[in-house]
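Have a look at the structure below before the remarks.
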Amino acid sequence: MTRAREWQVSLDFKARLDEDAAFDLMEALGRYGASVAVDPGHTGGGLTLAVDAPDGETALDKALTLLEENMPGATVTGLEAREWADAVARNREPLYPPVVGYAEIARMTGVTRQRAYAFPRIESFPKPVIETSQGPLYSEDAVRAWAQTRELRPGRPKAME
């Protein structure tokens with residue numbers, strides 16, 4: 001007989017769900033460490049549970065049954081089961097990729113900051129991933145890849161039309 005392990009199961013679903021229904025669902029499934037997120041339009045949400053089961057398929061089946069018992073008629077649109085240790089490791093990963101601003105871009109490419117400010121006018125330069133009041137931030141990996149393949153020509157970059 002296979003020994004039960006703890007799994008983190010996440011289900012995305014469509015159903016009429018407001019904040020009160022979400023709190024009711026968390027209360028009903030509290031013994032499973034239930035966490036519920038509500039879509040902004042109240043047309044569905046996400047449910048995350050801690051489930052003991054011998055394998056991922058059994059953990060998913062158990063979570064699906066719990067959802068159906070507590071939200072009849074909900075339509076599941078996504079599901080995932082991870083062993084607890086994998087889920088803990090994943091939760092420690094940053095939500096966003098490393099980002100860089102103009103000072104870091106200048107250091108990475110060996111140019112002045114003023115020259116780095118001109119890079120976004122080059123068509124092949126990556127688009128910003130975040131806009132802040134301090135300026136745009138770019139994916140470090142995308143800038144690094146661009147820097148390795150960019151053409152080094154003297155003069156100002158041509159303006160994009």
Side-chain angles (χ1 to χ4, degrees), residues 1-105 107-109 116 119-120 122-150:
M1 182 172 195
T2 306
R3 188 173 153 262
R5 300 186 309 262
E6 194 167 24
W7 296 82
Q8 181 186 69
V9 179
S10 298
L11 303 173
D12 295 325
F13 60 92
K14 293 289 182 190
R16 189 77 194 134
L17 183 70
D18 60 19
E19 286 83 3
D20 289 336
F23 283 116
D24 291 346
L25 185 58
M26 281 192 293
E27 188 174 324
L29 298 175
R31 66 181 231 166
Y32 298 98
S35 173
V36 178
V38 179
D39 288 348
H42 300 284
T43 58
L47 170 65
T48 301
L49 303 170
V51 177
D52 289 327
D55 55 60
E57 187 174 338
T58 305
L60 284 170
D61 287 342
K62 188 172 185 178
L64 289 166
T65 299
L66 290 166
L67 178 64
E68 178 58 33
E69 289 172 356
N70 291 278
M71 298 255 351
T75 302
V76 175
T77 59
L79 47 91
E80 176 182 51
R82 290 184 172 269
E83 287 193 72
W84 195 257
D86 292 340
V88 168
R90 181 180 182 195
N91 289 338
R92 289 190 177 133
E93 295 174 6
L95 293 176
Y96 300 101
V99 293
V100 292
Y102 291 118
E104 294 89 0
I105 293 168
R107 278 194 295 278
M108 290 168 63
T109 57
F119 286 164
I122 300 171
E123 190 174 338
S124 62
F125 192 73
K127 302 298 178 232
V129 294
I130 301 171
E131 295 278 350
T132 72
S133 61
Q134 300 295 312
L137 297 175
Y138 299 86
S139 162
E140 181 178 13
D141 290 340
V143 171
R144 197 173 305 286
W146 175 83
Q148 290 174 351
T149 61
R150 74 183 176 121

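Since the structure is predicted, the reported quantities are computational estimates derived from the model, not experimental observations. Throughout, numbering of the chain's residues begins at 1 and tracks the sequence.
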Inset, instruction - For Asp39 and Gly41, indicate whether the former's side chain and the latter's backbone hold a donor-acceptor pair under 3.5 Å. - result: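 Side chain of Asp39 to backbone of Gly41, a donor-acceptor pair under 3.5 Å: no, none is there.
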
Legend entry - Under 3.5 Å: donor-acceptor pair, side chain of Glu104, backbone of Gly101: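 Indeed, once roles are kept as given, a pair shorter than 3.5 Å links the two residues.
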
Taking the side chain as C-beta and beyond, is there a heavy-atom pair between [X] and [Y] under 4.5 Å?
X: Leu47; Y: Leu29; value: yes
X: Leu79; Y: Val9; value: no
X: Trp7; Y: Lys62; value: no
X: Pro120; Y: Tyr102; value: yes
X: His42; Y: Leu17; value: no

Inset, instruction - State yes or no: are the ring centers of Tyr138 and Phe125 separated by less than 6.0 Å? - result: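 Centroid separation for Tyr138 and Phe125: below 6.0 Å.
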
Inset, instruction - Return each pair, listed once, that meets salt bridge (Lys or Arg N to Asp or Glu O under 4.0 Å) where at least one residue sits in residues 135-147; pairs must be two or more places apart or across chains. - result: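 Sorted pair list: Glu140-Arg144.
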
How far apart are the closest heavy atoms of [X] and [Y], and which atoms are they?
X: Val143; Y: Met108; result: CG1-CE, 3.8 Å
X: Ala81; Y: Gly56; result: CB-O, 4.0 Å
X: Ser35; Y: Met26; result: CA-SD, 4.1 Å

Legend entry - Residues forming a side chain to side chain contact (heavy atoms under 4.5 Å, CB included) with Ala87, sequence neighbours excluded: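 Once residues adjacent in sequence are excluded, the partners of Ala87 under the side chain to side chain contact (heavy atoms under 4.5 Å, CB included) criterion are Gln8, Arg82.
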
Legend entry - Residues which pass side chain to side chain contact (heavy atoms under 4.5 Å, CB included) with Ile130, listed by chain and number, not counting sequence neighbours: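 By the side chain to side chain contact (heavy atoms under 4.5 Å, CB included) rule, Ile130 matches Val99, Thr132, Leu137.
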
Inset, instruction - Look up atom CG in Leu60 and atom OG1 in Thr65, then write down how far apart they are to the nearest 0.5 Å. - result: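 Result: 10.5 Å between the selected atoms.
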
Inset, instruction - Measure the CG-CZ distance between Asp52 and Arg5 for me, rounded to the nearest 0.5 Å. - result: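 It is 11.0 Å, given to the nearest 0.5 Å.
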
